[in-house]
Amino acid sequence: MMNKPFLIRGTLLLGCSLLIASLARAADLVVIMAPGAPLLSKDQVTNVYIGRRSDLKPLDLPASAAQRDAFYKKVTARDAAQIKAVWARILFTGRGQPPKELPDEAAIKKAVAGDPKAVGYIDKANVDSTVKVVLELN
Amino acid sequence: MQIGKRASFGVFVSISLGQCLAQAANADNGLNALSDMFSYDGFGTVGIARSDTDQAVWVQNIQTFGATNKNVDYRTDSRLAVQGTVTPTQWLSGTVQALTEERYGPAMTTQLEWAFVMVKPLPDLSVRAGRMELPTFLISDTRNVGYANLWLRAPDEVYGQPIFDVYTGWAAAYQREVGPYSMSFNVLSGTSTSETELAPDVQRRIIGHKMLGYNATLERNGITIRVSRVTTDRTHEEYGITYPALSWSFDSAGVIYDRHDLVLQGEFIERRTSNPAINVNGYYLLGGYHLGKWTPYTLYSVGETIGGADGTIPFASMHVVSVGVRFDAFKNLDLKAQIEHATAYQGGTPFENQTTGFNNHGNIASFVVDFVF
């Protein structure tokens, strides 16, 4: 039979994990393009970010950014390592280059605002009039 | 093509073209910015393999060296590739990739796997001309990129059948989004040459003339279905004699499911030739499950000569059961370990130099590190 301190520690640990998980989920992500762009479906955004559409230019946050993993999980149902493998197949058959990596959300917004073909993802709270939300990821 | 004059010429052309275009890049004329114009990438694998028998040598594909119980083999899976890409505009790019690995013969050799120019006259359409990997089966053109695949190595029972891996010619690809689906159609044509070793310093040169290929792929977010066909007139030269061309064809139907944490992949292939004795059916089933950075998997693969209806040509089968695990240790690096139980064709692949008493079975343990840069 499990002892009490073990159960208490386990419950606390579980509680903390759930709290951290809910905090991580708290930020709603949105996919953005330049003002005037049409709305995109989740499948269309997926196709852009796994190299199946070459008419749009996907932009990525650094691998260390928490939003990057969350974005890929929500949109492609795969984690960053799985997506990296997908791009390795495209890159090493000479069919394309992985999404360009920019340092932060401000850089993503600036690049998207200035290029009608660029697509990026940022926290919903950081959206302003320079960009248009083409897909919300709740 | 061994690295030599032609490779140097290719690199020279790439660099010269790049320099000319770089000078014009500052003008607002549709050219890419300099930072986007050139890219250098690479991939590689360092691996070892060992079998549990000394009564035969476990050998993959057309390689010369393999593993025994006494001999830990490092050549089977180890390879290194570097790639340079120049993308002067959205519609024009050039790619050169050199790969060093063990092929036939005693030394690891370097060969240009890819050296092509790609033009995109429309966003959905691309045309490539030059030297390219032959996409005979589902992942033929990326089977060397260990990092891009879950398994430790592509199953030889299927991917060892085509003989031809690289061709010179052209390919056209049309890719289109239809509703939630992504569809692509590819056509290729060219010629291919492959060499194997009959005996030390005696090569057999195999040539695929009039090579034609077609494939179609349907995808929706992690689910891929692909069918393909490659045909060629195959001839070969050995001991100074050129043999008449025979018709060969390779057909494949494959499926990949890679969503959430589950990975399933399966493929069925047929090799048909003018000689029924070497007609082959092959298939494999791969299943894996992501547990964080760990992905345990299992693979079952079969290659069978289908035999003749009248019994004069015997049926033969080789099959392999593997279990392994991939560990995504770092952003650009994975580790894989695999144990497989291989049952050979009677007296043949994948066990060579068999001694009396060998029972056509062997267990092979392999460990690799895959990386991309």
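Below, read A as the first sequence line, B as the second, and so on, with proteins coming before strands; counting in each chain starts at 1.
- The distance from the CD atom of A:Gln82 to the CG atom of B:Leu150 is 9.5 Å, given to the nearest 0.5 Å.
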Please report the C-alpha distance between B:Phe43 and B:Tyr147 in whole Å, then the side-chain angles of each, then the deciding distance to 0.1 Å, and finally whether the ring pair (Phe, Tyr, Trp, His ring centres under 6.0 Å) criterion is met. CA-CA 8 Å; B:Phe43 65 86; B:Tyr147 185 87; over 10 Å; no

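- Chain B forms more heavy-atom pairs under 4.5 Å with one residue of A:Arg95, A:Lys73, A:Lys42 than with any other, namely A:Arg95.
- Looking at B:Phe116, only its side chain comes within 4.5 Å of chain A, counting heavy atoms on both sides.
- With chain A as partner, the option from B:Thr295, B:Thr87, B:Thr142 having the largest number of non-hydrogen pairs under 4.5 angstrom is B:Thr142.
- In terms of heavy-atom pairs under 4.5 Å with chain A, the best-connected choice from B:Glu177, B:Gln175, B:Gln97 is B:Glu177.
- Proximity to chain A (any heavy atom under 4.5 Å) is restricted, for B:Arg220, to the side chain, taken from C-beta onward.
- By number of non-hydrogen pairs under 4.5 angstrom with chain A, the leading residue of B:Ser39, B:Ala81, B:Ala148, B:Ser126 is B:Ala148.
- No part of B:Lys293 comes within reach of chain A, as not one of its non-hydrogen atoms sits under 4.5 angstrom from that chain.
- Atom OH of residue A:Tyr49 and atom OH of residue A:Tyr121 lie 6.0 Å apart, to the nearest 0.5 angstrom.
- The number of heavy-atom neighbours closer than 6.0 Å to NZ of A:Lys132, taken from other residues, nucleotides and ligands shown, is above 12.
- Interface remark: A:Val86 contributes no atoms to any contact with chain B (heavy atom separation under 4.5 Å).
- The candidate from B:Met118, B:Glu133, B:Glu219 with the greatest count of non-hydrogen atom pairs under 4.5 Å with chain A is B:Glu219.
- Residue A:Gln44 touches chain B through both its backbone and its side chain, counting heavy-atom pairs closer than 4.5 Å.
- Closest approach of B:Leu99 to B:Asn144, counting heavy atoms only: CD2-ND2, 3.5 Å.
- When heavy atoms are compared at a cutoff of 4.5 Å, B:Asn221 approaches chain A by way of both its backbone and its side chain.
- Not one N or O on the side chain of B:Ser252 forms a donor-acceptor pair closer than 3.5 Å with the backbone of B:Val227.
- No part of B:Asp334 comes within reach of chain A, as not one of its non-hydrogen atoms sits under 4.5 angstrom from that chain.
- Residue contact with chain B, scored on non-hydrogen atoms closer than 4.5 Å, is absent for A:Ser41.
- When the options A:Asn126, A:Asp128, A:Asp104 are evaluated for a side-chain hydrogen bond (donor to acceptor under 3.5 Å, both in side chains) with A:Lys109, the one that passes is A:Asp128.
- The CG atom of A:Leu29 lies 5.5 Å from the CG atom of A:Asp123; values are rounded to the nearest 0.5 Å.
- Counting heavy atoms from C-beta on, the side chains of B:Asn332 and B:Phe371 never come closer than 4.5 Å.
- Taking B:Pro180, B:Pro123, B:Ser93 one by one and counting their heavy-atom pairs under 4.5 Å with chain A, the maximum is reached by B:Pro180.
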